[in-house]
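Please read the structure below before turning to the comments.
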Protein chains: 2
Amino acid sequence: MAPDDTKDRIVEAAITTLKERGYAGSSARAIAATGSFNQALIFYHFGSVRDALLAALDRTSAERMAAYRTAAASATDIQGLVGVATEIYHEDLASGHITILAELIAGASTDRTLGPEIVARIAPWIDFAREEIDRVAQGSPLAQLVPADDLAYAIVAQFLGLELLTHLDGTAERAERLFQLAGSFSTLLSMSGLMDGGPPR
Amino acid sequence: MAPDDTKDRIVEAAITTLKERGYAGSSARAIAATGSFNQALIFYHFGSVRDALLAALDRTSAERMAAYRTAAASATDIQGLVGVATEIYHEDLASGHITILAELIAGASTDRTLGPEIVARIAPWIDFAREEIDRVAQGSPLAQLVPADDLAYAIVAQFLGLELLTHLDGTAERAERLFQLAGSFSTLLSMSGLMDGGPPR
DNA sequence: GTCTATACTTGGATAGAC
DNA sequence: GTCTATCCAAGTATAGAC
């Protein structure tokens, strides 16, 4: 965690500033103040504030992805997967990862060139969700009905929407209940037989 | 549509600017340029840019809500409701209403005082969704399982997340497929008997 | 109510000393 | 590689003429 060189310090400061002050609040001066270094260093090392913020997203994305894969590996059925999703939601809130993602998405409405960069960094999450869905649902009747990649897209969208509303609400209470509901629902789904027939891997 | 007085012209210009340039792109100067009026008029009539943007959200919200209630009135079952949701999605994309909402949510990360204002304007949509769910699902076995207000919250979150991703993607293709899927799924739900027992109103 | 002009602030970015 | 100093652009908001 302790950043050894300046580039690291800038990335860490960018992450902190994005979480605490949002996209528009993450100016070169604000980031420099957070990390107690000179404002001009951002331009020397990254060329622009924009690229420093994308580097921040890169870092948290890589860290979270590693954590997700580890957590998901233990899930063998839909109920386990919902449990992992709940865990991921909590970890994301705590780590601030989705906050950073949401802030950059917000920023994309100003700087349109950010859009493709963000899409490229979201794609792995959709892939990840799709792989996990395939893993527990492949061969089941439900898999015939719902293409895994569409479902994966919907789930990522749901995470984003929930995070935004949670942010505005100032409370995660309603999202909490939704994950509990998803747990109950996955149990129902298991019992229904709609998830049967998948090869356990 | 033709704005008769200046206050109307400002609101219309704010709506257009929010859609075309996003929250951060909607400065007093940009809005004034869109509507071909003097920049200082925004401060005279609304006191601040922030309040002019909220007035824009107020207007589109009121307009859309009226349209939704009309469209929803014809739906008597879950399949009809999914049809209405699809319709709403298309109308929102076309009218740019969710874009405006998403932009202001994005802006809330900068100006934290926007948060409560936006929550207050989203609340009616959640209420609306809950009422409609109640209307078609009340008394059914599913209604015992899934509280309508939680489901309503999830649906609004899903709309928001989809809109954001659609925006970044530059294509609504995946969202389109999701609504088609929701249609198929609602048919399945009807046939399952999980929706039975509700008093048709 | 609407205009011009302007004061003030913040931020991106660079030059050039060290 | 890091610093100070600074330029320039864009934005909010207000004063004051009309």
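We name chains A, B, ... by the order of the sequence lines, and we start the count at 1 in each one.
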(Q) Closest approach to the side chain of Leu41(B), judged atom by atom: which nucleotide of dC3(C), dG1(C), dC3(D) is it? (A)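 Closest nucleotide among those given: dC3(C).
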Rounding to a whole Å, what distance do you find between [X]:[atom1] and [N]:[atom2]?
X        : N       : atom1 : atom2 : result
Ile42(A) : dT2(D)  : CD1   : C1'   : 13 Å
His45(B) : dA13(D) : NE2   : P     : 16 Å
Ile31(B) : dA10(D) : CD1   : C1'   : 14 Å
Ile10(B) : dG1(C)  : CD1   : P     : 10 Å

Q) What distance do Ser95(A) atom OG and Ile15(A) atom CD1 have between them, rounded to the nearest 0.5 Å? A)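 The distance works out to 9.5 Å.
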Q) Going from CZ on Arg130(B) to CD on Glu132(B), what distance comes out if it is rounded to the nearest 0.5 angstrom? A)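 Between Arg130(B) CZ and Glu132(B) CD, I get 10.5 Å after rounding to 0.5 Å.
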(Q) Between Gln79(B) and Ser186(B), do the side chains contain a donor N or O and an acceptor N or O under 3.5 Å apart? (A)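 Judged by distance alone, the side chains do not pair up.
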Q. Between His90(B) and Phe179(B), what is the ring plane arrangement, given parallel below 30°, perpendicular above 60°, and tilted in between?
A.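 Rings of His90(B) and Phe179(B): tilted, as their planes differ by 30° to 60°.
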Q. What class does the angle between the rings of His97(B) and Trp125(B) fall in, given that below 30° is parallel, 30 to 60° is tilted and above 60° is perpendicular?
A.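 If you compare the ring of His97(B) with that of Trp125(B), the planes turn out tilted.
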Q: Scan nucleotides 4-18 of chain C nucleotide by nucleotide, 5' to 3', and note B when protein non-hydrogen atoms come under 4.0 Å of the base, S if they reach only the sugar-phosphate, - if neither.
A: B------BBBB----
Q: Identify the residue among Glu163(B), Glu20(B), Lys19(B) that makes a side chain to side chain donor-acceptor pair (under 3.5 Å) with Thr99(B).
A: Glu163(B)
